[in-house]
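Whatever order the structure lists ligands and atoms in, that order sets their numbers, starting from 1. Side chains are part of it too, since the values below use all heavy atoms of this structure and drop only hydrogens, waters and symmetry mates.
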Amino acid sequence: MSIQTNMRCPIGVFDSGYGGLTVFKSIVAELPQYDYIYLGDNGRAPYGNRSFDTVHQYTLESVEWFFKMGCRLVILACNTASAKALRTIQQKDLPRLGPDKRVLGVIRPTAEVIGQYTKTRSVGVLGTKGTINSRSYEIEIGKFFPDIKVHPLACPMWVPLVENNEYRSEGADFFVKKYLDELMNQAPDIDTILLACTHYPLLTDKIKQFLPANINVVAQGGIVARSLEDYLLRHKEMESLISRERQMHFYTTDDPADFNEHAGIFFGQKVSSEQVHL
Ligand code: DGL
């Protein structure tokens with residue numbers, strides 16, 4: 001199917017599936033004036049357990065699609081793609097595909113501010129296996145706050161709990177508690193836990209239920225949105241190109257009906273998506 005858009009230059013927001021809608025929701029709340037295109041690569045999700053090469057290839061194909069759709073600025077609202085594909089795209093692919101275009105991720109903006117949340121300088125980072133094994137958060141947080149000790153942990157059961165709409169069920173308690181116990185046993189001085197996966201904010205209530213009240217549970221949506229606002233203030237040459245008709249278009253590489261059904265959970269409002277083939 002060929003997709004028509006009359007939007008001049010929307011901001012592209014990418015995720016492996018629906019999860020990035022938690023980040024997109026914050027971006028639209030902070031910066032409602034712009035046009036946006038959201039793409040979920042649901043047909044090939046989840047990315048969490050895939051190899052570097054595969055995540056790079058899938059993410060690159062998606063970025064190229066955004067460029068064809070007129071985007072000059074693309075946000076990878078997916079931790080796994082940010083961890084495994086962003087650097088290669090920025091350093092190797094962009095000079096060839098369009099040196100005037102930009103692709104930004106979610107890890108650096110989060111690393112830049114995480115020091116504001118912790119007093120003990122001991123931070124837990126929860127994510128997919130791909131994000132955790134990449135060590136991206138240790139590396140990035142280390143650049144800004146070398147005094148912070150990062151305690152990473154993969155929580156591979158949490159994405160399926162959310163995707164299958166079991167995130168509020170009693171059944172979810174077991175796996176939420178399991179990973180939190182594992183993390184807190186590793187480092188009882190942790191006072192801040194970063195939810196470094198797009199799906200985990202939906203588990204926030206349950207996560208807090210199993211933690212002492214003094215522990216900060218930090219979701220990324222607001223952080224990424226404020227960072228994007230700051231980026232656009234500092235890069236007027238990019239900001240002036242972005243069209244401002246307050247339009248949002250949603251695309252998925254899988255079944256649009258399925259995307260629309262799930263999207264409400266992550267985005268907080270109904271969406272109507274179209275299918276694309278990358
Ligand atoms: N969006 C992914 C992330 O933030 C989670 C889902 C997936 O594994 O594809 O890491």
Side-chain angles (χ1 to χ4, degrees), residues 12-27 38-63 66 74-87 89 103-111 114 124-138 140 152-167 172 175-176 179 193-204 207 217-225 227 250-254 258-259 262-263 265-267 278:
V13 180
F14 172 73
D15 183 49
S16 55
Y18 333 99
L21 290 167
T22 58
V23 176
F24 186 38
K25 187 178 165 187
S26 299
I27 292 177
Y38 181 94
L39 172 66
D41 190 10
N42 299 81
R44 303 187 290 194
Y47 282 12
N49 292 332
R50 294 195 189 274
S51 70
F52 267 87
D53 284 349
T54 303
V55 174
H56 171 245
Q57 185 203 323
Y58 290 176
T59 308
L60 180 60
E61 284 168 14
S62 304
V63 165
F66 278 112
V74 178
I75 312 297
L76 304 185
C78 172
N79 278 277
T80 310
S82 297
K84 293 183 136 185
L86 180 61
R87 182 181 298 239
I89 289 176
V103 181
L104 307 174
V106 290
I107 297 178
R108 192 183 170 99
T110 312
I114 200 68
V125 174
L126 305 178
T128 63
K129 273 189 185 157
T131 299
I132 297 304
N133 291 345
S134 74
R135 301 193 68 250
S136 300
Y137 275 96
E138 286 108 297
E140 288 299 319
L153 184 72
C155 308
M157 289 304 291
W158 286 7
V159 166
L161 283 175
V162 174
E163 297 232 327
N164 292 296
N165 215 352
E166 292 289 341
Y167 62 99
F175 283 108
V176 170
Y179 296 132
I193 294 181
L194 173 65
L195 305 182
C197 172
T198 51
H199 287 57
Y200 298 175
L202 279 94
L203 288 163
T204 302
I207 291 169
V217 177
V218 179
Q220 293 177 297
I223 296 173
V224 173
S227 166
F250 296 85
Y251 300 95
T252 174
T253 56
D254 205 354
D258 179 70
F259 183 89
H262 280 83
I265 303 172
F266 294 88
F267 197 56
L278 298 179

Practice problem: Classify the contact between Thr128 and ligand 1 as side chain, backbone, both or neither, using a heavy-atom distance cut-off of under 4.0 Å. | Solution: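 Thr128 to ligand 1: side-chain contact only, backbone stays beyond 4.0 Å.
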Quiz item: Which one holds for Asn49 and ligand 1: side chain close, backbone close, both close, or neither close, with close meaning a heavy atom under 4.0 Å?
Solution: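 Near ligand 1, Asn49 shows nothing, with every heavy atom at 4.0 Å or more.
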Quiz item: What is the nearest protein non-hydrogen atom to atom 10 (O) of ligand 1, stated with its residue, atom name and distance?
Solution: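 Closest protein heavy atom to atom 10 (O) of ligand 1: Thr80 OG1, 2.6 Å.
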Self-check item: Closest approach of any protein heavy atom to atom 5 (C) of ligand 1, naming residue and atom
Solution: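 Its nearest protein heavy-atom neighbour is Cys197 SG, 3.6 Å.
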Quiz item: Is any N or O atom of His199, backbone or side chain, closer than 3.5 Å to an N or O atom of ligand 1?
Solution: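 So ligand 1 has no N or O lying under 3.5 Å from an N or O of His199.
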Determine whether a donor-acceptor pair (N or O, by modelled atom type, separation under 3.5 Å) exists between the side chain of [X] and the backbone of [Y].
{"X": "Ser16", "Y": "Pro46", "answer": "no"}
{"X": "Tyr167", "Y": "Ala172", "answer": "no"}
{"X": "Ser82", "Y": "Val106", "answer": "yes"}
{"X": "Lys84", "Y": "Arg50", "answer": "yes"}

Quiz item: Once the angle between the rings of Phe259 and Tyr38 is folded into 0 to 90°, is it parallel (under 30°), tilted (30 to 60°) or perpendicular (over 60°)?
Solution: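 Tilted, since the angle between the ring planes falls between 30° and 60°.
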Quiz item: According to the interplanar angle, ranging from 0 to 90°, do the rings of Tyr18 and His262 count as parallel (below 30°), tilted (30 to 60°) or perpendicular (above 60°)?
Solution: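 It falls in the parallel class, under 30°.
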Below 4.0 angstrom from a heavy atom of [X], which ligand 1 atoms are there? Numbered from 1 as shown, please.
{"X": "Ser16", "result": "1 (N), 2 (C), 6 (C), 7 (C), 9 (O)"}
{"X": "Asp15", "result": "1 (N)"}
{"X": "Tyr47", "result": "7 (C), 8 (O), 9 (O)"}

Quiz item: Hey, mind stepping through Phe266 and His199 against ring-ring contact (aromatic ring centres under 6.0 Å, His included) and telling me if it holds?
Solution: CA-CA 8 Å; Phe266 294 88; His199 287 57; 5.2 Å; yes
Quiz item: If you measure from atom 4 (O) of ligand 1 to every heavy atom of Ile132, Asn79, Val162, which option wins on shortest distance?
Solution: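 Result: the heavy atom closest to atom 4 (O) of ligand 1 is in Asn79.
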Quiz item: Judged by non-hydrogen atoms, does Gly48 sit under 4.0 Å from ligand 1?
Solution: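 Gly48: in contact with ligand 1 (<4.0 Å).
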Quiz item: At the 4.0 Å heavy-atom cut-off, does Ala45 count as touching ligand 1?
Solution: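 So Ala45 does not count as touching ligand 1.
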Quiz item: Taking the six-membered ring of Phe267, is the NZ or CZ of Lys25 close enough (under 6.0 Å from the centre) and on axis enough (within 45°)?
Solution: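 Verdict for Phe267: no cation-pi partner in Lys25.
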